[in-house]
Structures are given as C-alpha cells and as structure tokens.
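Letters A, B, ... mirror the listed sequences (proteins, then strands); counts begin at 1. Since we're looking at a predicted model, the values are computed, not measured.
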Amino acid sequence: MTDALAARIFQLRRPSPKLLAQFFVHSFAGFVLMPLVFIPLYFKYKTLTYHFDARGIRASWGILFHREIFLTYARIQDIHLKRGLLERWLGIGTVEVQTASGSSSAELSIVGLEEYELLRDFLYSRMRGRHAEDEGVASKDEALVALTAIRDELRAVREALEARRDV
Amino acid sequence: MFELIKSVVAKLLVLPIGPPDMPADGHASVRTLRASPRLLTYNYVVAAFGLVGTWGALLVLAIVAAARGDGWLWALAGVGAVLVFGTTLVTFVTTRLDYELRYYVVTDRSLRIREGALLIRELTLTFENVQNVSIRQGPLERLLGFANVVVETAGGASNPELGVKNTHQGVLRGVENAEEIRDLIRARLGQSLARAGLGDADDVGESQTTLKSAAQVAMLRDIHVEAQGLRRAVEARLRPAADGVSRPAK
C-alpha cells in the first residue's frame, strides 16, 4: 500500500491547473494593481515543478528570481495542511513543511495539488520519528531490507563461484 | 436550528465534518480529543466583547436619527442595523463552527490538530520532534476550568507585534484535562526520545539495544554465514590455481 502511494507521489511534477484559478482570484486582492499581482503569480505557476524521490522533495520556480528548494523527508518536523475557502471549492490544498529552521514561516509550501491528502500521508510515513521503531514489521524495516539485499548478493556470488568450480 | 445552519454552511463552504483520520497503518493507539464546551462559552464572550462597539455605534445612530427625525438618517440606521445583525450572526456561527470543527488526535507517536472555520489548518507532528510541552491558562480560562496545552518543536520565532505566528508549535486549545494530556504527551515523548537515542544521557544505553530489531540481528548472522561460505568458496577456487593446474579463465 505504501509502495503504491510512493509510486503515485513520485509521479507528481506539476501543480493542478486549478492553482492558476486560485492565483487569479487571489490577485484581485490587489484591486487596481491586480495585473501587477497576477503576472508574477502566473509565472510562478508556469515554472513551478515538484520532484519527489526516495530521499526528499525538490521544488523550483521563478524565471527572473529562480528558487530551488531541496529538503529531505527525514528532516521534516511538522506538516501543516491548510485549505482556504477558495482552495476547498477548487479541491486543492497547501501542504506546508517545517524543518527545525529559525524562520517561523514554512520551509516549503507545496501549493496547488489535488493529491494533498495523499501527499500528507506520504510525508507522514517518511518524516522524522516515523521509522525509529518498526519491530515486527519486517517489510518496513529499511535497515533489514538493506541487510537482506547484502545477504542475497553474497549468496549469489558464492553460488556463482561454486557453480564455476564444477566446470 | 444551528444544526440546520451548520449542514447548509458545511455544504456551501466544504467544511470537514467529523474527526481527521490518521493513516491506518501501525498506530497502537489513537485518541481523539475535543475542546471543552466551556471554550465555546469563552469564545462567545470574547466575540460579544468585540461586537459591543458596533452595537453601541448603531444605538447612537438610532438615537440621533430619532432626535433629528431625518429620513436619510433613518435609512442609514437601517443599513447599519442590517450590517450589524449580519456581522453578529456570522460571528456567532463562525465561533460555533470553530468549536465544532476543532479536533485533537493523539496517537502513540504523533499528534494532529485540526482547527479553523474558514481557513482550515491541520498540523501533524511526531513526538520525536517535540522539544517541550507546557500548559497555558488565563484568568478567565481558569475561572471556566479549562486550559491550553502547547506542544513546541525545534526552531522558529514568533513575533506577535508583526503578527508573525509561531508555526513550530501546536496548541490544544480549551481542554479540560490539560494535566492528563500533558502527561500523556510527555510519556509518548519519553518513549520516542529513547528510541531515537536523543534526550537524556542515561537514555542512550537503552536506545542502542532497541535500535536494532531482533530481525536485523538475525539477518546480520545470516550475512556472516554467507560471508563465511563465500570465503570458503573463494579459497576452494584459488587452491587448484596455486597447485599449478591452470584453467582457462572464462
């Protein structure tokens, strides 16, 4: 189940087009300055990419001011899921991720995903403090998985060697 | 009456009804806590104080209109009345919803707090990351008999003057059994700190044995056996070569 979840999360690259709708409505908070507010948001939407892999999240956006954030799951302390009215209507959510940094704002805001709930479950399963104890649940024990792989390698080498001796 | 409003508003505003659920795997215990009904009373009082000013202004406007007898002043007072009644209704509904949608879920290794009526916030943290747990209580809160449990994680500064909220903390607002909850969280904290090898120095010895599960140790033994087997195989393979019986390497 967790592997299927991870596989789905790893496929996420771009925010939902609904994010653009959210940005559009948001920029009306600027009243007459609305285009000035919207243009940078538009380019943020256009360039925003996420990349989830086995170790961490990489997010990047921006053309003039390019930003790229990488953080590892193991350093995640708190996960905030925020859903404003507009986001709930659109069916998207914002997942904010905190590490032990000095800033009080979120380390990384993952905006505009329809899979916010899945993403939170996924991050929850990988964040700090989730894997410290998993006794009895052999399949989830990463150290055990690595050790098993080492044993199987050794066995394969030995068997290959023994087989060649008979030639 | 409120239930009807609630069901309509919940549909309209896409509000989550019922407690937030945790991923189903591997939680030994899940406790769902609610805020005290007295928090609702408290919040009503606070909201009412906030509305005193607007009601006062409306009253003054009505008195002035009555004294002057101007038609347009009455019209202004009418518009004002609609606005003030509307604000009052919205304030009380959101206050009630804020209470009804408030959930605290404590599992054996994590905490999830859901709060908010318009912007819905859900905070999830694992006890591994918790630095301290404290109880805060104001005078009125003490009178009503509830308190707030504050769970802080590392990092982050708040600056109330600039309106910057500290997001490195979770607050269980308005719980009646604050001490019990604090002790519960502390107990969980102790467990996970021991597991992670953090915390007090005398915890470390324990953690080193618990970090390696029995299955891991068994697998390490397997690896040892395999490595021995491999060495024997290599030795057996090298011996004929040492005897001078050369074989074409394939």
So does A:Glu153 have more than 12 non-hydrogen atoms from other groups sitting under 6.0 Å from CD?
no
Determine which residues belonging to residues 77-94 of chain A lie within contact range of chain B, meaning some heavy atom pair is under 4.5 Å apart, and list them by number or answer 'none'.
A:Gln77, A:Asp78, A:Ile79, A:His80, A:Leu81, A:Lys82, A:Arg83, A:Gly84, A:Leu85, A:Arg88, A:Trp89
Testing the basics here: between B:Leu230 and A:Leu154, what is the closest heavy-atom pair and its distance to 0.1 Å?
CD2-CD2, 3.5 Å
Quick one, B:Glu128 and A:Met127 - any side-chain contact, counting heavy atoms below 4.5 Å?
no
Is it the case that more than 12 heavy atoms not belonging to B:Phe92 sit under 6.0 Å from its CZ atom?
yes
Contacts of type ring pair (Phe, Tyr, Trp, His ring centres under 6.0 Å), residue A:Tyr116, not counting sequence neighbours:
none
Using heavy-atom distances under 4.5 Å, tell me whether B:Arg112 contacts chain A through its side chain, its backbone, both, or neither.
side chain
So for atom OH, which belongs to B:Tyr103, do other residues, nucleotides or ligands contribute more than 12 heavy atoms lying within a distance under 6.0 Å?
yes
Select one option (side chain, backbone, both, neither) describing which atoms of B:Val234 are under 4.5 Å from chain A's heavy atoms.
both
How long is the span from the CZ atom in A:Arg158 to the CZ atom in B:Arg231, to the nearest 0.5 Å?
13.0 Å
Tell me, out of B:Leu15, B:Leu125, B:Thr124, who's got the most heavy-atom pairs with chain A below 4.5 Å.
B:Thr124
Show me the pairs that pass salt bridge (charged side-chain N to carboxylate O under 4.0 Å, His left out) and involve residues 10-37 of chain A, at least two apart or across chains.
A:Lys18-A:Glu114
What is the distance from atom CD of B:Glu226 to atom CZ of A:Arg155, rounded to the nearest 0.5 Å?
4.5 Å
Counting only heavy atoms from other residues, nucleotides and ligands, does the tally under 6.0 Å from CZ of B:Arg114 exceed 12?
yes
For B:Asn129 against A:Ile76, the heavy-atom pair lying closest together:
ND2-O, 3.7 Å
Is the number of heavy atoms from other residues, nucleotides or ligands within 6.0 Å of OH (B:Tyr44) greater than 12?
yes
Under the ring pair (Phe, Tyr, Trp, His ring centres under 6.0 Å) test, which residues partner B:Phe85, sequence neighbours left out?
B:Trp55
I'd like to know whether NE2 of B:His224 has more than 12 heavy-atom contacts from other residues, nucleotides or ligands below 6.0 angstrom.
no
Quick check for you: among B:Ile113, B:Ile120, B:Leu123, B:Leu119, which has the greatest number of heavy-atom pairs under 4.5 Å with chain A?
B:Ile120
Distance in Å, A:Arg151 CZ paired with B:Asp222 CG, rounded so as to fall on 0.5 Å steps:
5.0 Å
Can you say whether B:Leu12 sits under 4.5 Å from chain A via the side chain, the backbone, both, or neither, judging by heavy atoms?
backbone
